[in-house]
K.L.:
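Supplied in structure tokens, the structure appears directly below.
In this text, all values refer to a predicted model and were calculated from it rather than measured experimentally. For ligands, and for the atoms within them, numbers begin at 1 and follow the listed sequence.
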Amino acid sequence: MRVLYVSTEVHPALKTGGLADVNAALPAALAHAGADVRLLLPAFPALKAAAEPTGTAVGVKCPPAAGTVEFLPCRLGGIAGWLVDAPALYARPGNPYVGPDGSDWPDNARRFATLGWAAARFADGGIGHWRADIVHCHDWHAALAPAYLRARGGALPGTVFTIHNLGFQGSFPPDQFAGLGLPAHFFAMHGVEFHGSLNFMKAGIHYADRVTTVSPTYAQEIQTVAHGFGMDGLLRSRAGALTGILNGVDTAAWNPARDAALPAPFAPGLLEGKAVCRERLRAEFGLARAPGGPLIGVVSRLTAQKGLDLLLDALPAVLAIGGQIVMLGSGEPALEARWADAARTHPGTVAVRQGYDEALAHRIFGGADMVAVPSRFEPCGLTQMYGLLYGALPLARRTGGLADTVRDATAAARAAGRANGFLFEAASADDLAAALHRAGALWREPAAWRLVQDVGMRERFGWADAASRYMDVYRDLRPAA
Ligand code: ADP
Ligand code: GLC
């Protein structure tokens, strides 16, 4: 089964969020499950620097790039593939989607149409002498590949489009369609048009043979008005082709027993190291020692999606249970300012580090007693899984992948040995505060707390399960490959 895996970011070379973690682990898991996986990514400077060239570049004229693109054969993170080089579009350091001022690059439609075009052009084997059975595209950036393939016609590979976040759709003014080299009739309701705009996400959902998303609950939620971002009707119409496959955790990178970023290792049942991590984290952030309640960690983008404004609104409940917060994140300036304010108002109790810091993220999961993920929506979410494995009980909203990975510490779930964290229902500070009070009560019963923690630390979120589910999707499309 030859799978062309088309995306934009790969940890550790280039990461803006969980997509990079997925792309660093899923291709290897697919290879392990028997697929011949090849990566196709834009030649962003960070990816180019990390890739090991393996052959000679091949240049091809590319209409959406309004010039030539080069396919650079390489290996990246141990996986073979090609970088699509078009310096006028991709030779920009930093975040792959936005410029230094934080706003989208004005030519994003052209930049990511070029990626989709390149995938479609490459898949037939004419360029790299490797023909794809399946083209697997991730998020809106790669979503035009199935449209370009459909436009080409003839014997085509199967196409799979994975939605990692329906909130980012790649929507552009209609006049940007003209330069992309797609047939004019594709700009239609049954095509790439969405309420008068050009919409990459829509194209992926419409043209791909199969659509997947990153948790079973999110696969249901996106078919509702509340979570569909306007695409719910289209997604309902494609329900028969839509599956939710839960992401895994790369345990080579996320294992508290072998994590070089932690001051001390620990494991289920062996928690002395975790106590060291907690005290070091408190010291690093100038938090009071022995506060009487749990240390709550947050590692997150600061956007409305993540609901961290709710945690600020519920701060009185954190204080009431003797809790502390360490927050590592960056994003919307208004949220950054509110968090900075909270840290100023509550020194020794609330500590904030703005920015992006991979090693500190590990230290936070290692040292925290809880990890807060109060998301308004969460396609999968990885930090609650990292928290679970690192003995930090998730405090999460029951939505998307959070609902699929966190089991609330009700009396019944605890008695059954299933509880691994705390869930709340509504996206409100009141519901979050109520869950905090329940956490505070459990904290006062250390033995009961440790049981819940132990359940979490022993969870298995290996990528093998997800890979075998993706293989089923591929085989369903190409039984003979
Ligand atoms: P999303 O992709 O929506 O941001 P996920 O939970 O899937 O959410 O993935 C987020 C990833 O980014 C995790 O690996 C998390 O540890 C990491 N992360 C988020 N913010 C930061 C930060 N400020 N510093 C370091 N890592 C971060
Ligand atoms: C997106 C989602 C997140 C998911 C990640 C990887 O960024 O917001 O929930 O875990 O993709 O699939």
Side-chain angles (χ1 to χ4, degrees), residues 7-12 14-27 29 95-97 136-142 161-169 201 212-219 221-222 227 229 244-251 253-254 259 261 297-308 326-332 335-336 339 351-366 368 371-390 392 394 396-397 399-406 461 463 466 470:
S7 194
T8 46
E9 46 181 280
V10 183
H11 174 77
L14 182 61
K15 168 165 165 175
T16 71
L19 178 61
D21 295 26
V22 171
N23 292 342
L26 175 57
N95 184 299
Y97 320 117
H136 187 168
C137 314
H138 294 265
D139 262 354
W140 74 265
H141 325 107
F161 175 54
T162 297
I163 301 169
H164 291 265
N165 192 332
L166 201 56
F168 300 100
Q169 299 192 348
M201 178 69 78
T212 74
T213 188
V214 287
S215 68
T217 295
Y218 196 60
E221 287 176 343
I222 56 179
H227 289 280
F229 284 96
I245 301 178
L246 190 72
N247 286 333
V249 167
D250 181 359
T251 42
W254 294 97
D259 186 333
V298 175
V299 178
S300 187
R301 295 185 287 116
L302 291 181
T303 66
Q305 173 191 343
K306 299 295 179 179
L308 291 164
V326 173
M327 201 289 297
L328 166 65
S330 60
E332 288 168 15
L335 275 168
E336 289 184 353
W339 274 97
V352 168
R353 179 79 55 83
Q354 249 168 47
Y356 186 89
D357 186 334
E358 192 73 30
L360 176 57
H362 284 247
R363 295 200 297 281
I364 290 179
F365 294 116
V371 55
V373 197
S375 307
R376 292 192 163 80
F377 70 94
E378 197 59 77
C380 178
L382 298 173
T383 61
Q384 82 283 8
M385 295 198 264
Y386 300 157
L388 284 165
L389 298 178
Y390 280 59
R397 181 147 175 268
T399 186
L402 301 172
D404 292 331
T405 50
V406 181
F461 297 118
W463 271 104
Y470 283 110

K.L.:
Report yes if the side chains of F168 and M201 come closer than 4.5 Å at any heavy-atom pair, otherwise no.
P.N.:
no

K.L.:
May I ask you to check if ligand 2 and Q305 share an N or O to N or O distance below 3.5 Å?
P.N.:
yes

K.L.:
I want to check something: taking the side chain as every heavy atom from C-beta on, are Y97 and H141 in contact at a cut-off of under 4.5 Å?
P.N.:
yes

K.L.:
Identify all pairs of nitrogen or oxygen atoms, one from ligand 1 and one from the protein, separated by less than 3.5 Å, and list them with distances.
P.N.:
from     : atom 1 : to   : atom 2 : distance (Å)
ligand 1 : 2 (O)  : G18  : N      : 2.6
ligand 1 : 3 (O)  : R301 : NH2    : 2.7
ligand 1 : 3 (O)  : K306 : NZ     : 2.8
ligand 1 : 4 (O)  : R301 : NE     : 2.7
ligand 1 : 6 (O)  : L382 : N      : 2.8
ligand 1 : 8 (O)  : K306 : NZ     : 3.1
ligand 1 : 9 (O)  : G18  : N      : 3.1
ligand 1 : 14 (O) : K15  : NZ     : 2.8
ligand 1 : 14 (O) : D21  : OD2    : 2.8
ligand 1 : 23 (N) : G355 : O      : 2.8
ligand 1 : 24 (N) : D357 : N      : 3.1

K.L.:
What I'd like to find out is whether the side chain of V299 reaches to under 4.5 Å of the side chain of V371, using heavy atoms alone.
P.N.:
no

K.L.:
Is there a polar contact, in the sense of an N or O pair closer than 3.5 Å, between G381 and ligand 2?
P.N.:
yes

K.L.:
Tell me whether C380 has any N or O atom under 3.5 angstrom from an N or O of ligand 2.
P.N.:
yes

K.L.:
Treating E221 as the side-chain partner and T399 as the backbone partner, does any N or O pair qualify as donor plus acceptor under 3.5 Å?
P.N.:
no

K.L.:
Report the relative orientation of the aromatic rings in F229 and F377; use parallel for angles under 30°, tilted for 30 to 60°, perpendicular for over 60°.
P.N.:
perpendicular

K.L.:
Quick one: list whatever passes side chain to side chain contact (heavy atoms under 4.5 Å, CB included) with D250, sequence neighbours left out.
P.N.:
A25, A252, A253

K.L.:
A side-chain contact here means heavy atoms from C-beta on lying under 4.5 Å apart; do P96 and T16 qualify?
P.N.:
yes

K.L.:
Using a 4.0 Å cut-off to any heavy atom of V22, which atoms of ligand 2 qualify?
P.N.:
6 (C), 12 (O)

K.L.:
Taking 4.0 angstrom as the limit and counting only heavy atoms of V214, give me the atoms of ligand 2 inside it, by number and element.
P.N.:
12 (O)

K.L.:
When you measure from atom 12 (O) of ligand 2 to every protein heavy atom, which one gives the shortest distance, and what is it?
P.N.:
H164 ND1, 2.7 Å

K.L.:
Is any side-chain heavy atom of F461 closer than 4.5 Å to one of L388?
P.N.:
yes

K.L.:
Answer with side chain, backbone, both or neither: which part of N247 has a heavy atom less than 4.0 angstrom from an atom of ligand 2?
P.N.:
side chain

K.L.:
Indicate yes or no: at least one non-hydrogen side-chain atom of L308 is less than 4.5 angstrom from one of P374.
P.N.:
yes

K.L.:
With side chains defined as the heavy atoms from C-beta onward, is the minimum distance between W254 and L382 less than 4.5 Å?
P.N.:
no

K.L.:
For atom 5 (C) of ligand 2, which of the options G17, G401, G18 provides the nearest non-hydrogen atom?
P.N.:
G18

K.L.:
Inspect the contact between E378 and K306 and indicate whether a charged nitrogen and a carboxylate oxygen are less than 4.0 angstrom apart.
P.N.:
yes

K.L.:
Using a 4.0 Å heavy-atom cut-off, which part of L19 comes near ligand 2: side chain, backbone, both, or neither?
P.N.:
backbone

K.L.:
If you have a sec, work out which protein heavy atom is nearest atom 3 (C) of ligand 2 and how many Å separate them, to one decimal?
P.N.:
E378 OE2, 3.4 Å

